Asker: 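Below is one structure. I have some questions about it.
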Amino acid sequence: MSKLNLEPINFPGLEPKRPLVIAGPCSAETEEQTLATARLLSAIGVKVFRAGIWKPRTRPGAFEGVGSIGLPWLKKVKEETGMYVGVEVATAHHVYEAIKHGVDMMWVGARTSANPFAVQEVADALKGIDIPVFVKNPVNPDLDLWIGALERINNAGIKQLAAIHRGFSTYDKSEFRNHPQWQIPIELHRRIPELPIITDPSHIGGKRELIADICQEAMDLNFDGLIIETHYNPEKAWSDAAQQLTPEGLKKVLDNLVLRRPKIGDTPRNTLDELRKQIDKLDNDLLDILAARMKVSEAIGKYKQENNITILQSRRYDEIMRDRTERANKRGLDGEFAAKIFESIHEESISCQSAIMNKALKNKEKGA
Ligand code: PEP
Ligand code: MN
């Protein structure tokens, strides 16, 4: 169990309400784009505005944010709309600049929270400051690293702390840009129940079409807030164009959210619904893994066909069955159950490899 010294997030004058909605563009691009987006968001009732000023881009040469010249634009947003404003910080310099320009909240990005040196630098710069700080999960699915980042910021005296769940990168292709792995924020909640969790459907989904469903899922899991990238002209955005909503689109998503009340007597995030969601998620992962395994099997089939090797290699088969049964036992699973599953998987691999061989043979006959 991690013990954090926390206080509720407090934006003065703003009623605590679930979900806390934070919206704004991935990046502040121009003064006009920042202000125009902010005005539209304020008009639909958004109270906390986000905009990236320094952008941690995967490859050099992409738009890396406008830098400090964008901070006065955020000040104008505050003055004109009364919204609270927040930026991502990754270095001590970012923290000092943000404070100098009256920024109200900050978040630590996913690439930064994966690096304890960087988090410590940000934490040291935050000493003596009392504003809300949000810590995104690290890009890799490592709950302890995420908690470590939260602890570093908390140890610096930041008590208004929240976690942002933005999904985890995976090598495998999936419908998500960053796999949600809901079980990780659920476990974070179990370990630190008083820590608010904000979901970032934009970076999880990577496409605006997925945002509504991810928001609903977050609400069904009883998470506390949503941070949603919103741009007055998303298609023309300089970063993350595919995942940003228009303010009008955001309004639709928020209006359609169903806020279910946890059942009386249930611990909020331990309902049957939640357990079923975990099962759905795990089944989906199993299917992803099976599909990936079958792809490798096909590659083996092609190799065997090109090198004239028989499909069934019985020594290899025996070895697989023995090894998998043993591994199943070690995990507390029934060996016979595992054997049945692997027999069936193996059967499917063999039939897929036979199909490859037959096709190659037919092609050869046709060519002959
Ligand atoms: C962002 O919020 O625009 C951002 C860069 O997010 P992440 O750190 O989650 O990739
Ligand atoms: Mn972004």
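Both ligands and their constituent atoms are indexed starting at 1 by order of listing. These figures come from a predicted structure and were not determined experimentally. Residue numbers start at 1 and run along the sequence shown.
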Asker: Answer yes or no: is there an ion pair linking Glu194 with Lys3, defined by an N-O contact shorter than 4.0 Å?
Answerer: yes
Asker: Would you say Ser42 and Thr81 are linked by a side-chain donor-acceptor pair, where the criterion is simply a distance under 3.5 Å?
Answerer: no
Asker: Please evaluate residues Asp240 and His231 with respect to the criterion side-chain hydrogen bond (donor to acceptor under 3.5 Å, both in side chains), reporting the C-alpha separation (whole Å), side-chain torsions for both, the decisive distance (0.1 Å), and the verdict.
Answerer: CA-CA 10 Å; Asp240 288 350; His231 191 292; over 6 Å; no
Asker: Is the shortest side-chain N to carboxylate O distance from Asp318 to Arg322 below 4.0 Å?
Answerer: no
Asker: Write down the atom of Ile9, the atom of Ala162, and the distance for their closest heavy-atom approach.
Answerer: CD1-CB, 4.1 Å
Asker: Quick one: list whatever passes side chain to side chain contact (heavy atoms under 4.5 Å, CB included) with Glu175, sequence neighbours left out.
Answerer: Leu210
Asker: Does the plane of the ring in His94 sit parallel, tilted or perpendicular to the ring in Trp54? Use 30° and 60° as the thresholds.
Answerer: parallel
Asker: Short of 2.8 Å from the Mn ion (ligand 2), name each protein N/O/S atom, waters not counted.
Answerer: Cys26 SG, His203 NE2, Glu229 OE2, Asp240 OD2
Asker: Decide, yes or no, whether a salt bridge links Arg276 with Asp280 under the criterion of side-chain N to carboxylate O below 4.0 Å.
Answerer: no
Asker: Would you mind listing each N/O atom of ligand 1 next to any protein N/O under 3.5 Å, plus the distance?
Answerer:
{"residue": "ligand 1", "atom": "2 (O)", "partner": "Arg50", "partner atom": "NH1", "Å": "2.8"}
{"residue": "ligand 1", "atom": "2 (O)", "partner": "Arg50", "partner atom": "NH2", "Å": "3.4"}
{"residue": "ligand 1", "atom": "2 (O)", "partner": "Lys136", "partner atom": "NZ", "Å": "2.8"}
{"residue": "ligand 1", "atom": "3 (O)", "partner": "Arg50", "partner atom": "NH2", "Å": "3.0"}
{"residue": "ligand 1", "atom": "3 (O)", "partner": "Lys55", "partner atom": "NZ", "Å": "2.9"}
{"residue": "ligand 1", "atom": "3 (O)", "partner": "His203", "partner atom": "NE2", "Å": "3.3"}
{"residue": "ligand 1", "atom": "3 (O)", "partner": "Glu229", "partner atom": "OE2", "Å": "3.1"}
{"residue": "ligand 1", "atom": "6 (O)", "partner": "Lys136", "partner atom": "NZ", "Å": "2.9"}
{"residue": "ligand 1", "atom": "6 (O)", "partner": "His203", "partner atom": "NE2", "Å": "3.4"}
{"residue": "ligand 1", "atom": "8 (O)", "partner": "Ala110", "partner atom": "N", "Å": "2.8"}
{"residue": "ligand 1", "atom": "9 (O)", "partner": "Lys136", "partner atom": "NZ", "Å": "2.8"}
{"residue": "ligand 1", "atom": "9 (O)", "partner": "Arg166", "partner atom": "NE", "Å": "2.6"}
{"residue": "ligand 1", "atom": "10 (O)", "partner": "Arg111", "partner atom": "NH1", "Å": "2.9"}
{"residue": "ligand 1", "atom": "10 (O)", "partner": "Arg166", "partner atom": "NH2", "Å": "2.8"}

Asker: Table please: side-chain donor-acceptor pairs of residues 129-141 below 3.5 Å, with sequence neighbours left out.
Answerer:
{"residue": "Asp130", "atom": "OD1", "partner": "Gln160", "partner atom": "NE2", "Å": "3.4"}
{"residue": "Lys136", "atom": "NZ", "partner": "Asp200", "partner atom": "OD2", "Å": "2.8"}
{"residue": "Asn137", "atom": "OD1", "partner": "Arg166", "partner atom": "N", "Å": "2.6"}
{"residue": "Asn137", "atom": "OD1", "partner": "Gly167", "partner atom": "N", "Å": "3.3"}
{"residue": "Asn137", "atom": "ND2", "partner": "Gly167", "partner atom": "O", "Å": "2.8"}

